[in-house]
Protein chains: 2
Amino acid sequence: MEKDFYTFSEYMKKEDDSLTASMEDYLEMIYRLSGRNGFTRINELSAALNVQPPSATKMVQKLSELKLIKYEKYGVIMLEEEGRLLGENLIKRHNVIANFLSLLGVPDEEILTETEKIEHTVSEQTMKCFNDFICFMNNNPDIRKKYISYIEGHKSNLL
Amino acid sequence: MEKDFYTFSEYMKKEDDSLTASMEDYLEMIYRLSGRNGFTRINELSAALNVQPPSATKMVQKLSELKLIKYEKYGVIMLEEEGRLLGENLIKRHNVIANFLSLLGVPDEEILTETEKIEHTVSEQTMKCFNDFICFMNNNPDIRKKYISYIEGHKSNLL
DNA sequence: AATGAAATTTACCCATGGCTAACTTATTTA
DNA sequence: TAAATAAGTTAGCCATGGGTAAATTTCATT
């Protein structure tokens with residue numbers, strides 16, 4: 001009946017089928033960059049994620065071994081069907097969290113950063129709760145307004 | 001004017017004064033375990049965090065170098081003043097997040113896990129928003145009830 | 001006080017995901 | 001088409017935070 005604590009590293013360890021946080025970041029970005037032309041390249045990807053090209057190469061090789069993307073040396077990066085689907089869901093998750101934080105009053109300048117940190121940690125179940133909150137606020141504009149003015153009145157206070 | 005994406009690793013990198021996620025986990029747990037006797041030991045700590053004793057030793061040596069705890073080989077682990085203060089704040093942060101998730105309808109069995117993952121990622125500002133939400137719900141029990149019944153009605157649906 | 005058990009440390013090893021430097025391949029362009 | 005430039009890869013390094021096996025220290029007990 002004891003509570004069961006683990007370290008962060010333990011929680012973030014890759015499970016059999018799942019991806020690591022960084023793999024998710026890369027796949028998500030590949031999905032975004034593939035939007036225009038249907039493909040991207042190491043250079044574009046590494047620039048978009050603010051990493052050096054060799055880091056991107058390494059990760060792209062991993063994702064390729066996992067059959068999430070199609071890639072051959074010096075070539076173009078394209079999503080495999082499974083990768084496309086996964087990427088799409090990662091983006092959806094990202095957007096739900098960003099919306100959620102926005103509704104909560106997290107300032108615009110912080111939303112991207114906070115979303116990028118949080119998105120890798122939350123369970124499906126928690127995502128559902130975040131989504132419920134969004135829906136609730138959409139269905140109750142009166143409450144939403146009340147909430148907005150409530151947090152407006154708290155802006156200057158410290159925690 | 002471009003959005004600025006980074007990988008998760010980049011975000012989670014230790015800054016000058018701040019702690020890594022794992023350091024936070026250890027310090028937080030040392031704080032909890034010190035509650036009863038004013039100290040804890042490697043064994044107790046490693047059991048509480050589900051790591052092997054050598055891992056705990058290593059981290060305890062690091063925290064000791066940072067002057068957050070007092071520790072000598074084979075001895076007892078005690079918080080230094082700075083560590084005590086930090087630990088206290090980590091616990092507060094933990095509790096705010098746990099309350100927040102609970103209010104949102106995250107099921108009890110998941111709250112600890114989700115809290116332990118999220119607590120290392122959110123900014124002060126975001127914490128303030130979480131806290132505002134808690135206060136808002138406490139000040140508006142009518143809305144809180146409405147929200148509870150709203151999510152009750154969504155329990156069976158998928159995202 | 002000596003011995004055996006328990007607690008702790010040390011010395012390694014592993015994987016992840018960054019990095020740089022140096023090399024290779026591809027693409028421009030003169 | 002040859003040379004210059006750009007793009008990408010490889011090899012090898014670093015830090016983090018885990019792990020095991022073997023040594024060491026401490027403590028309890030006889």
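By convention in this document, chain letters (A, B, ...) are assigned in the order of the sequence lines, proteins followed by strands, and residues within each chain are numbered from 1. Computed over heavy atoms, backbone and side chain alike; hydrogens, waters and symmetry mates excluded.
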Study note, to complete from the structure: Taking five pairs at each terminus, the helix from C:dA1-D:dT30 to C:dA30-D:dT1 shows an axis bend, to 10°, of 10°
Exercise for review: To the nearest Å, give me how far apart CG (B:L63) and C1' (D:dT16) are.
Suggested key: 14 Å
Exercise for review: Calculate the interatomic distance between B:E65 atom CD and D:dT16 atom C1'; express it in whole Å.
Suggested key: 15 Å
Check your understanding: With the threshold set at 4.0 Å, does a side-chain nitrogen-carboxylate oxygen contact exist between B:K62 and B:E65?
Key -> no
Review point. Taking atom types as modelled, is there a side-chain donor on B:S22 or A:S9 under 3.5 Å from an acceptor on the other?
Key: yes
Practice item. Using a strict cut-off of less than 4.0 Å between a Lys/Arg side-chain nitrogen and an Asp/Glu carboxylate oxygen, indicate whether B:K92 and B:E119 qualify as a salt bridge. Key: no
Check your understanding: At under 4.0 Å, does any side-chain N or O of A:N43 touch on OP1 or OP2 of D:dA6?
Key -> no
Review point. Stepwise, does the ring-ring contact (aromatic ring centres under 6.0 Å, His included) test hold for A:Y71 with A:F39?
Key: CA-CA 10 Å; A:Y71 185 65; A:F39 68 88; over 10 Å; no
**Study point:** Passing option when B:R93 is tested against B:E28, B:E88, B:E24 for side chain to side chain donor-acceptor pair (under 3.5 Å)
**Key:** B:E24
Study note, to complete from the structure: Rounded to whole Å, the OH-C1' distance (B:Y71 to D:dT25) equals 11 Å
Check your understanding: Contact class for A:Y6 (heavy atom, under 4.0 Å): base, sugar-phosphate, or nothing?
Key -> nothing
Practice item. Could you encode protein contacts along nucleotides 11-26 of chain C as a string, one character per nucleotide from 5' to 3', using B for base contact, S for sugar-phosphate-only contact and - for no contact, with a heavy-atom cut-off of under 4.0 Å? Key: ------BBBBB--BSS
**Study point:** Separation of D:dT9 P from A:I77 CD1 (nearest whole Å)
**Key:** 8 Å
Point to revise | Residues B:K128 and B:D132 bridged, charged N to O under 4.0 Å | key: yes
Check your understanding: Between the side chains of A:Y147 and B:N140, is a donor N or O closer than 3.5 angstrom to an acceptor N or O?
Key -> no
Review point. Between A:E81 and A:R84, does at least one N-O distance fall below 4.0 Å, as a salt bridge requires?
Key: yes
